[in-house]
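Worksheet: the structure to be examined is printed underneath.
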Amino acid sequence: MPTFHFYPIDITYRIVSGKPVIYLYGRTKDGQRIAVADRFDPYFWAIPQKKSVKERLENLSGEKDGESYSVTSVEEKKKRLLGKEVEALKVTVSQPKDVPLVRELIREWDDIQSVHEADILFTRRYLIDKKIIPMTLVVVEGEEGREESRIPVIAATAIRPAEDEETMKGLGILAVDIETYYPKGKGIDMDNNPILMLAVHGETISRVITWKRFATKRRSIEFVQDEAALLHRFREIVLEEQPDIITGYFSDGFDLPYIKRRAEKLKVNLDIGADFSGISLKKGMDTESKITGIAHFDVIKFVRGGLRTSIATDSYSLNAVASKLLGETKHEVELDDLAEVWDKRPEKLEPYCDYNLQDALLTYQLAEKLLPNLTELVKLIGLPLQDCNRMSFSQLVESFLLRKEGEFDEIAPEKPTEHELAKRRKVRLQGAFVHEPTPGLYHDLAVYDFRSLYPSIIASHNISPDTVREADTLEEGAFVVREEKVAYSTAKKGFIAAVVEEVITRRMRVKDILKKKKDPFLEARAMMLKILANSFYGYLGFPSARWYSFACAASVTALGRRYITETIEKAEKAGFKVLYSDTDSIFLSLQGKSKAAAKKFVDDINEHLPGLMELEYEGFYPSGIFVSAKDNKGGAKKRYALLREDGSLVIKGFEAVRRNTSVIAKEVQEHVLKAILEKADDKKALNYLHGVIKGIREKKLAVEKMVIRTRLTKPISSYDAIGPHVAIAKQMKGKGIDIAPGAIIRYVVTTGGGRIRDRAKLPEATKQSEYDADYYINNQIIPAVEKIFEVFGHTKEELLGKGAQMRLLEF
DNA sequence: TATAGGCATACGAGAGGACATCC
DNA sequence: CGATGTCCTCTCGTATGCCT
């Protein structure tokens, strides 16, 4: 029997002669594309009330809506449900579609207590049970069958993961980007507006295909007869290139669905899938586009999803993300004019082709850059790239737990019912502790952080839904969280606590190796492990989670508060002055002590911390400033600025780092903070401020500096309070511009009376003489710097330059 | 088909008061 | 002189976007 070593990339199933067959698509070690077909039977778990139900289950079959269903076998297994031993029944049915049918049926039975894991997708069940991890080497025994397929199909007789967990390398990526006919002011219309150009970029290809001829020397531009020919060429290129991954930027919702629709319209057969299928769409809240046998990597879904917390950007445009991750900004063209240029001035199309190709290139580079992260996620979670690409944090955790539960003989708890969900949503979880700072300018600060505070609490105190006990438990050694009136058994490692501990220790090992040698793949692994570890606490408090536990989530934060306040007390006892603290960080004033003493402080703390918990010395800062809150009720939390030893600034919470503040106010605030932190030079900062105010009054500043950007978070019609950005969004909609939730609205406030929203205008339609100087001075600049100058005793009048005049008047 | 909570701030909505005007 | 309308001030709720 021949043996194949191959890396699976995609998975699907089909019913063959009435039986479900799994198809794994991938590439062999020597680069051949193959598919592997394997028989597998769908099943789920039932916990019986009485053992006698087994026989009734075994004989269950019938018909519903003309489709027959049947239970093929029932097996008794000892399992655990939240740590408690149960006699579970493994109910195997004949087809995946029988699973929901049979579940609904038997759920009503009196002798069935509960039904579990019936909602786990068939292909995922297969991967978990066979311990197969996509993009990781698998050994298959079997013969090549005679199926109709683009690539050889091996009928597996045996399949297992390879001994060494070798990861797939050298994947072929093909980036796709289209430009479409899009008349000004009209919405997207896939039925009537053709694709004008299509760019592809891969390792061996970089080309734009378009169907209007113009004179050009670009060898990258290829002309074809018409749109149908363009689609034919796209098909040809995909088949020639045989990519493992097709990538795009929002290609889930735009490029691929558009290509699909146009191909249908023009009757072009886009049979690019390994099984001759085309692009398939999974419609929902947002569309997912899929091609059998090829993984579809939509870069925006990954950047906005799993990597959201690790990549700081206030915009998810291709341009913004590329400049953040690649340090490149693209060359823009006026896309709004494309339709007109196409119709009337085709000789001017070249820049559009360049732009199109550039987008494909940037997307390719982004995919290449992020592939190590996505690959690590695939290896960690064990689901195909297509799925890991689109996962939310809760799905990430849950998929990981489902992969791990077998090691603990656990069965997943059921998803909450609507009623249970409503109940969970009602309770609110107390969060972290934030220490109120005393406003002022400080020198010589040391900053400390608990390393992965919440995950380390979970692991170190065995916090897990299966270890929760009553506070007055008599269980020996149980750890009591008095704040929440619960305790945690220490007799046996809890499922989630053990899993979190494993993630933390794996990350520590990777970090250790990285200290000796740089490695982008290990960097990516460390990053994904951190993201995963940090997601568990939120998951425990997430109402829709299977392993939801209010007690656990509340205990984690309670212990977080306990540890941070204890550390604050110890710092004060050690002679430091505590300036600020938020959740897991502490800012100390050295009070004349040495940096060495500051570094040593962590040892005193760590000596008494349990398990994996650790306080880290984050760094020394020559100066830092905290300001009072607007209402003057004390120091403002989550707003501060620090000066690093290398001269750079750390600004948190201030307008300078907020999107919905005008450019000018951000600039002024940052400038003032810098002057004050570097040299405590408030006089110089004041002079600068007066200069800017004068410039604004005299209308010497560009409109662009006055632009305020605000995100529209919901449909325009559902707003109760109509703010300036909503008013502008309404105007834009009136002009036929497509405005959807998530859009960033830009506006400038112009002169006049009344509400601000009535004076807001689109920046493009605003002249430099029109912006409202008073608004920008009184509502933007002054609020941004007032509290900073207040630290030096400067009043608002002084800031406005009125101080001197008043003194003259008095005199 | 939302991982969690804590917090600052801006602006509109709406109530209530001062004041002017009109009959 | 009371009824009515306008404008201003104040409080509160809504909305956004940050921090950990």
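All figures in this text were calculated on a predicted structure; none of them were measured in a lab. In what follows, chains carry the letters A, B, and so on, assigned in the order in which the sequence lines appear, proteins first and then strands, with residues in each chain numbered from 1.
As rounded to whole Å, 18 Å separates atom P of C/dG17 from atom NZ of A/Lys652.
For A/Lys714, a side-chain nitrogen or oxygen approaches OP1 or OP2 of C/dA15 to under 4.0 Å. Contact check, A/Arg709 against C/dG17: no side-chain N or O comes under 4.0 Å of OP1 or OP2. Note on A/Arg658: every side-chain N or O is 4.0 Å or more away from OP1 and OP2 of C/dC18. Checking the phosphate oxygens (OP1, OP2) of C/dT20, a side-chain nitrogen or oxygen of A/Tyr640 falls inside 4.0 Å. Contact annotation: A/Tyr719 side-chain N/O to C/dT16 OP1/OP2 distance is under 4.0 Å. Between A/Arg561 and the phosphate of B/dG5, there is no side-chain N or O to OP1/OP2 separation shorter than 4.0 Å. The phosphate of B/dA8 has neither OP1 nor OP2 within less than 4.0 Å of any side-chain N or O from A/Lys787. Under 4.0 angstrom from either OP1 or OP2 of B/dT3 there lies at least one side-chain N or O belonging to A/Ser392. Dashed line: the shortest gap from a side-chain N or O of A/Arg711 to OP1 or OP2 of C/dA15 is not under 4.0 Å. Put simply, A/Arg424 has no side-chain N or O that comes within less than 4.0 Å of OP1 or OP2 on B/dA4.
Between A/Leu612 and A/Met508 the shortest side-chain heavy-atom distance falls below 4.5 Å.
Using cut-offs of 30° and 60° for the angle between ring planes, the A/Phe601 and A/Tyr448 rings count as perpendicular.
Ring-base stacking between A/Phe393 and B/dT3 is satisfied, the centre separation being under 5.5 Å and the plane angle under 30°.
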Could you please spell out the steps behind the ring-ring contact (aromatic ring centres under 6.0 Å, His included) verdict for A/Phe393 and A/Phe542? CA-CA 10 Å; A/Phe393 289 104; A/Phe542 174 47; over 10 Å; no
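If you check the side chains of A/Asn319 and A/Ser317, you find no donor sitting under 3.5 Å from an acceptor. Side-chain contact check for A/Glu618 and A/Ser585: no donor-acceptor pair (N or O, by modelled atom type) lies under 3.5 Å.
Using a 4.0 Å heavy-atom criterion, one finds that A/Thr287 contacts no nucleic acid atom at all. Within 4.0 Å (heavy atoms only), A/Asp449 reaches no atom of the nucleic acid at all. Residue A/Ser394 is classed as a sugar-phosphate contact, given heavy-atom separations below 4.0 Å to backbone atoms only.
Counting distance only, with no hydrogens placed and no angle test, the side-chain atoms of A/Lys637 and the base atoms of B/dC7 include no donor-acceptor pair under 3.5 Å.
For the C1' atoms, the distance linking C/dC19 with B/dT1 amounts to 27 Å, nearest Å.
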